[in-house]
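The chains referred to below are lettered A, B, ... by the order of the sequence lines, with proteins before strands, and numbering in each begins at 1.
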Amino acid sequence: MSYIRCHKCDQHAAMRMKHHRLNLCADHYIEYIQKQTLRSIKKYRMFAHSERVLVAVSGGKDSLALWDVLLTLGYKADGFYIDLGIDEGLGYSSKSRMTAEQFAQSKDAQLTVVDFAGAYGLTIGELAKRTRRGTDKPCSVCGIAKRHTMNAITQKGGYDVIATGHNLDDEAAVLFSNTLRWDTDMMMRQSPVLEARHGMPRKVKPFFRFYERETAAYALLRGIDYIQDECPFAEGSRTIELKHLLNQLEDQSAGAKLNFYMNFLKAQEQDFFNRDKDEATRANLNRCLQCGQPTTAEGLCGFCRLLAQSQR
Amino acid sequence: MTIEFVLKEQTLKVEEKSISIRDAMRALHLSPQAYLAVKDGVLLNEGDVVRAGEVVRLVAVISGGAG
């Protein structure tokens with residue numbers, strides 16, 4: 001079929017990873033992803049086997065692949081899904097919810113589902129329209145709402161850590177966006193591990209060294225049924241544009257994305273950015289008067305302000 | 001002399017007797033970073049060669065966030 005063979009067993013290579021100069025067959029690729037995830041978890045001290053992990057699940061390839069790997073590695077990993085009520089004539093939320101529920105059932109794993117409209121009385125699209133924050137696309141409101149709900153569920157359920165399926169392409173796109181604006185405050189905060197502070201749980205990204213095509217390949221090879229449709233609001237998004245640009249660089253120079261992000265982390269370690277300033281900002285966090293979660297604002301946090309606006 | 005590449009509801013055609021996945025992606029103006037190629041349930045690498053009459057499914061891998 002091909003001259004490209006697995007470096008470990010000489011079978012047909014399912015994946016060629018030029019940036020690592022590594023070709024692997026399906027079985028050795030699955031083993032590679034699981035071992036490398038374990039390596040990242042240990043190296044970056046993300047969590048221990050004794051800790052309870054909450055995986056933020058969307059029904060997409062990254063989060064379901066991450067949940068699969070963590071369960072395979074024997075971690076105490078439960079899932080958490082927010083039904084945002086995104087329909088747009090495609091039934092996006094109901095399809096992705098069903099996908100997440102079916103995965104949980106197949107693994108005999110625990111999944112907590114929060115129905116956003118049931119909990120707050122309106123869908124994410126309605127919240128965006130009423131607060132006039134993203135009338136066409138509710139993405140910024142969606143981010144705030146997801147963070148808020150994740151924090152609340154983590155505290156309520158007594159979890160030690162939240163794990164998300166962010167991959168290298170996600171992280172490189174965020175870094176690219178922040179770099180284009182030289183938003184050093186945001187750059188200082190970008191990390192595979194965000195330690196627990198001021199009542200916010202620790203947040204980790206165990207897939208941060210995997211390319212997006214690598215997590216997709218893992219999901220396919222493991223037979224994970226994930227939702228391949230993109231969120232209807234993501235079409236034409238800035239993140240996707242930046243990912244296409246980064247892919248052009250990767251096509252020209254294998255390893256470009258990996259080097260871009262990993263060398264950024266090295267620069268952070270070498271204190272290229274002034275961490276003291278960020279510590280000072282975090283130290284001045286207040287408690288939201290409504291929900292008690294940490295906020296830089298005085299009075300209500302960003303999410304509770306949104307809710308209050310929506311009720312006016 | 002046609003090789004079909006199915007991407008969601010779209011069918012893209014390459015007129016060749018045989019072609020590698022790498023060259024097919026180039027002919028279709030697609031980044032190999034953004035798609036995986038699957039034939040008969042088998043994940044193909046960029047050096048794999050497909051032939052006229054065969055059908056390859058392309059799986060888009062880019063998502064807007066933590067999918």
[Y] versus [X], side-chain donor and acceptor atoms under 3.5 Å:
X        : Y        : result
A:His19  : A:Glu214 : yes
A:Tyr211 : A:Asn167 : no
A:Ser63  : A:Tyr226 : no

_Residues A:Lys18 and A:Glu250 bridged, charged N to O under 4.0 Å_ =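 A:Glu250 and A:Lys18: not salt-bridged.
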*So, are A:Lys243 and A:Asp169 salt-bridged, with charged N and O less than 4.0 Å apart?*
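No, this pair does not count.
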*Just how far is it from atom CG of B:Asp48 to atom CG of B:Leu43, taken to the nearest 0.5 Å?*
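Here the rounded value is 9.0 Å.
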*A:Phe208 vs A:Tyr44 aromatic rings, parallel, tilted or perpendicular, using cut-offs 30° and 60°?*
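Answer is perpendicular, since the angle exceeds 60°.
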*Using the ring of each side chain (for Trp, its six-membered ring), is A:Phe210 parallel, tilted or perpendicular to A:Tyr32, with breaks at 30° and 60°?*
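A:Phe210 vs A:Tyr32 ring planes: tilted.
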*asked:* Using heavy-atom distances under 4.5 Å, tell me whether A:Leu221 contacts chain B through its side chain, its backbone, both, or neither.
replied: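 Looking at A:Leu221, just its side chain touches chain B.
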*Can you tell which part of A:Lys205 gets under 4.5 Å to a heavy atom of chain B, answering side chain, backbone, both or neither?*
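It is neither, since no heavy atom gets under 4.5 Å.
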*asked:* Non-hydrogen contacts under 4.5 angstrom with chain A: give the residues of residues 13-31 of chain B involved, or none if there are none.
replied: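 B:Arg22, B:Ser31 fall under the 4.5 Å cut-off.
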*If you count heavy-atom pairs under 4.5 Å between each of A:Ala13, A:Ser237, A:Ala173, A:Ala65 and chain B, which one has the most?*
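Of the options given, most contacts go to A:Ala13.
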*Let me know if B:Val38 has heavy atoms under 4.5 Å from chain A in its side chain, its backbone, both or neither.*
side chain
